Colleague: 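Please see the structure below; I have some questions.
What you are looking at is a predicted structure, and each value in this text was computed from that prediction instead of being measured.
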Amino acid sequence: MNYSESIPDDFGGFDKLSFIEDKVKRQPIFRIKYTEHSLGDFPIISPEIYVSDAFREVVFENGLTGFTFYEVWSSQEAEASVEELNPFVRESLDEDVEAHLQAYYGPIIRRVEAESAELTEAGFYEMAPTESVPFYTVATHGYSTLRLPAPPGLDSAYVELVMHADQDPFEDEKYSWIPQVMHQVGSFAVNNMNWIGQWMVFPNQELDRYVDTYERTLTGEKVKLPLQVQPYSPESGFCGVMVVPPLPQCQEAFMMPYLENGKETHGEWPVYFHTLLPLYEEEMEYYFQHGQEALLEKMMENGIEHLFNLHRPNTFKEKRKGFFGRFNK
């Protein structure tokens with residue numbers, strides 16, 4: 001029973017019933033025990049028998065008689081309350097975001113404000129390398145103000161993006177593509193109300209191809225190859241990103257609870273900090289042909305942190321030593 005949303009009558013029953021969806025969704029047939037009434041210190045067992053939609057459908061499909069069904073509650077009402085708890089526009093306090101980032105990534109050394117006050121714009125936080133996280137870490141700040149569409153059953157509708165670099169991308173021009181990529185992925189999502197989920201790949205394509213690749217990814221259709229991508233910079237050679245879990249030492253950074261007056265509220269969805277891993281063209285094409293698990297099996301040979309080394313070699317190109325021991329094609 002969801003007592004807070006049920007309305008009791010004066011006789012030990014209810015004028016309106018509400019259930020806790022997680023508690024009843026696996027119960028095809030049940031009664032309720034009512035303890036929070038004013039008639040005495042004893043439980044009231046409902047004379048009515050409650051059944052699920054699945055039970056009702058079985059009765060109809062098999063032509064069984066002698067049953068009368070009345071709808072007393074719908075999970076759609078629960079879904080509506082989820083929408084109310086998680087509004088389309090919801091802003092986290094700066095101090096909550098800053099405390100979260102510094103707890104898991106390192107001390108904040110830079111804050112870059114959004115280019116405008118539009119809700120679809122975002123700024124950046126930059127965290128310094130630490131012994132635990134030996135990278136500069138950049139995180140967006142602002143995209144999670146808007147609730148993006150999320151597949152049924154998932155609460156990953158408020159998102160921010162994270163990337164790592166071995167040099168400061170706001171000081172070293174060779175790494176300036178990193179915040180640009182984060183802006184590209186994030187702004188496309190919030191301007192088009194598109195979901196960002198784990199293991200999705202976003203190639204650096206012309207807009208029409210980018211949209212086509214995204215839509216085919218969501219529907220499970222084959223993505224058009226070749227991808228026709230462009231490198232983010234001549235120095236990097238990376239042509240796209242994949243949404244991946246945080247580094248193992250940053251796992252707790254993945255979800256930030258939404259706080260009101262410093263407290264969590266039951267039913268409020270967290271903010272997800274999705275990490276973007278740069279990929280080469282051949283790696284993305286292998287992903288679209290063979291899947292995420294097959295790609296990761298080949299890429300993980302040298303460990304997880306190696307994947308975030310922006311000088312790592314292309315997994316599917318011949319490895320030949322070039323100047324200074326770097327691998328070049």
Side-chain angles (χ1 to χ4, degrees), residues 92 96-97 99-106 122 124-127 129-141 143-144 147-166 169 178-179 181-186 188-190 194-203 213-214 217-218 220 232 238-258 269-280 283-284 286-288 290-310 312 315:
S92 297
D96 293 336
V97 176
H100 181 81
L101 294 174
Q102 294 190 106
Y104 300 111
Y105 290 119
F124 298 96
Y125 282 110
E126 183 182 19
M127 281 63 71
T130 65
E131 185 176 348
S132 173
V133 186
F135 302 101
Y136 288 90
T137 301
V138 180
T140 60
H141 177 43
Y143 291 133
S144 62
R147 188 190 71 237
L148 301 180
L154 297 183
D155 62 359
S156 52
Y158 300 103
V159 302
E160 299 289 356
L161 304 174
V162 173
M163 288 189 76
H164 300 289
D166 51 6
I178 289 175
V181 171
M182 300 170 77
H183 180 266
Q184 178 191 68
V185 174
F188 173 78
V190 298
N194 288 328
W195 182 61
I196 298 177
Q198 288 287 285
W199 309 116
M200 295 181 72
V201 165
F202 297 92
T213 297
Y214 177 84
T217 299
L218 286 187
Y232 293 125
F238 292 114
C239 303
V241 291
M242 178 165 62
V243 183
V244 299
L247 288 163
Q249 61 268 40
C250 305
Q251 285 185 8
E252 296 298 319
F254 187 38
M255 290 188 292
M256 183 189 79
Y258 178 73
W269 290 349
V271 176
Y272 281 78
F273 284 83
H274 287 305
T275 302
L276 302 182
L277 175 69
L279 297 179
Y280 292 102
E283 293 169 343
M284 287 188 291
Y286 191 88
Y287 166 92
F288 286 120
H290 302 284
Q292 155 247 325
E293 290 186 7
L295 174 61
L296 289 179
E297 184 178 348
K298 291 188 174 292
M299 294 180 65
M300 289 282 289
E301 292 178 358
N302 295 312
I304 293 177
E305 287 197 7
H306 167 76
L307 297 181
F308 292 92
N309 178 356
L310 298 183
R312 68 177 179 83
T315 307

Colleague: Take F238 and R312 through the side-chain contact (heavy atoms from CB on, under 4.5 Å) test and state the conclusion after the steps.
Modeller: CA-CA 10 Å; F238 292 114; R312 68 177 179 83; 3.8 Å; yes
Colleague: Look up atom NE2 in H100 and atom CE in M255, then write down how far apart they are to the nearest 0.5 Å.
Modeller: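 Rounded to the nearest 0.5 Å, the NE2-CE separation comes to 9.5 Å.
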Colleague: For a 4.5 angstrom cut-off between non-hydrogen side-chain atoms, does Q184 reach V241?
Modeller: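 No, too far: nothing below the 4.5 Å cut-off.
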Colleague: Tell me, do T217 and F288 make a side-chain contact under 4.5 Å, heavy atoms counted?
Modeller: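 Yes; the side chains approach each other to less than 4.5 Å.
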Colleague: So which atom in S92 and which in V271 form the shortest heavy-atom distance, rounded to 0.1 Å?
Modeller: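 The pair with the smallest heavy-atom distance is OG-CG2, 3.9 Å.
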Colleague: If we only count heavy atoms from C-beta on, is the V97 to E160 side-chain gap below 4.5 Å?
Modeller: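 No, their side chains stay 4.5 Å or more apart.
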Colleague: With side-chain contact (heavy atoms from CB on, under 4.5 Å) as the criterion, how do N194 and L148 come out once you've worked through the C-alpha distance, each side chain's angles and the decisive distance to 0.1 Å?
Modeller: CA-CA 6 Å; N194 288 328; L148 301 180; over 6 Å; no
Colleague: Taking only residues two or more places apart in sequence or in another chain, which ones pass side chain to side chain donor-acceptor pair (under 3.5 Å) with Q249?
Modeller: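 Applying side chain to side chain donor-acceptor pair (under 3.5 Å) to Q249 gives E305.
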Colleague: Which pairs would a plain distance check flag for residues 150-158, meaning a side-chain donor or acceptor within less than 3.5 Å of a matching protein atom at least two apart in sequence or in another chain?
Modeller:
residue: D155; atom: OD1; partner: Y272; partner atom: OH; Å: 2.5
residue: S156; atom: OG; partner: W195; partner atom: NE1; Å: 3.2
residue: Y158; atom: OH; partner: N86; partner atom: O; Å: 3.2
residue: Y158; atom: OH; partner: P87; partner atom: O; Å: 2.6

Colleague: Identify the heavy atoms of D166 and F135 that sit nearest to each other, and give their distance.
Modeller: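 Closest approach of D166 to F135: N-CD2, 4.4 Å.
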Colleague: Tell me whether the centres of the aromatic rings in F188 and F202 are closer together than 6.0 Å.
Modeller: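 No, they do not, as the ring centres are separated by 6.0 Å or more.
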Colleague: With a 4.5 Å heavy-atom cut-off, do E126 and P169 have their side chains touching?
Modeller: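 They are in side-chain contact.
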Colleague: Report yes or no: do H274 and Q198 form a side-chain donor-acceptor pair below 3.5 Å?
Modeller: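 Indeed, the side chains of H274 and Q198 share at least one donor-acceptor pair under 3.5 Å.
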Colleague: Nearest heavy-atom pair of M284 and G240: which atoms, and what distance?
Modeller: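 M284 and G240 have their closest heavy atoms at SD-CA, 3.6 Å.
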Colleague: What distance do D96 atom CG and M256 atom CE have between them, rounded to the nearest 0.5 Å?
Modeller: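 Result: 6.5 Å between the selected atoms.
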Colleague: Looking at F254 versus F273, is the centre-to-centre ring distance below 6.0 Å?
Modeller: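 Not close enough - the centres of the two rings lie 6.0 Å or further apart.
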Colleague: So for atom CD, which belongs to E297, do other residues, nucleotides or ligands contribute more than 12 heavy atoms lying within a distance under 6.0 Å?
Modeller: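 No, not enclosed.
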Colleague: Under 4.5 Å between any side-chain heavy atoms of E283 and K298, yes or no?
Modeller: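 Side-chain contact under 4.5 Å: no.
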Colleague: So, taking the atom named CG in L310 and the one named CD1 in I178, what distance separates them when rounded to the nearest 0.5 Å?
Modeller: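 That separation rounds to 5.0 Å.
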Colleague: So Y105 and V162, do their side chains get closer than 4.5 Å, heavy atoms only?
Modeller: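 Yes, their side chains come closer than 4.5 Å.
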Colleague: Between Y287 and W199 (side chain of the first, backbone of the second, donor and acceptor by atom type, cut-off under 3.5 Å), is there such a pair?
Modeller: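 Flag set: sc Y287 to bb W199 pair under 3.5 Å.
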Colleague: Can you check side-chain contact (heavy atoms from CB on, under 4.5 Å) on V244 and F308, steps first, answer last?
Modeller: CA-CA 11 Å; V244 299; F308 292 92; 4.1 Å; yes
Colleague: To the nearest 0.5 Å, tell me how far L295 CG sits from M300 CE.
Modeller: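 Rounded to the nearest 0.5 Å, the CG-CE separation comes out at 11.0 Å.
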Colleague: Heavy atoms only: give me the nearest V133-C250 pair and the separation to one decimal.
Modeller: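 Closest pair (atom of V133, atom of C250, distance): CG2-SG, 3.5 Å.
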Colleague: Within a strict 4.5 Å, meaning less than it, do heavy atoms of the I196 and L161 side chains meet?
Modeller: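 Answer yes - side chains close enough.
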Colleague: Which value, rounded to the nearest 0.5 Å, describes the distance between N309 atom CG and H306 atom NE2?
Modeller: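 One gets 6.5 Å once the value is rounded to the nearest 0.5 Å.
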Colleague: Any non-hydrogen side-chain atom of Y136 less than 4.5 Å from a side-chain atom of P129?
Modeller: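 Heavy-atom side-chain distance check passes, below 4.5 Å.
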Colleague: Can you name the one residue among T140, L277, L276, T137 that meets side chain to side chain contact (heavy atoms under 4.5 Å, CB included) with M163?
Modeller: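 Filter result, single survivor: L276.
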Colleague: Would you give the length of the straight line joining atom CG of L247 to atom NE2 of H164, rounded to the nearest 0.5 angstrom?
Modeller: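 Going from the CG atom of L247 to the NE2 atom of H164 covers 4.0 Å.
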Colleague: Which atoms form the tightest heavy-atom contact between P246 and T275, and what is the distance?
Modeller: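 Residues P246 and T275, closest heavy atoms: CA-OG1, 3.7 Å.
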Colleague: For the residue pair Y125 and H141, categorise the inter-ring angle as parallel (less than 30°), tilted (30 to 60°) or perpendicular (more than 60°).
Modeller: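 Answer is tilted, since the angle falls between 30° and 60°.
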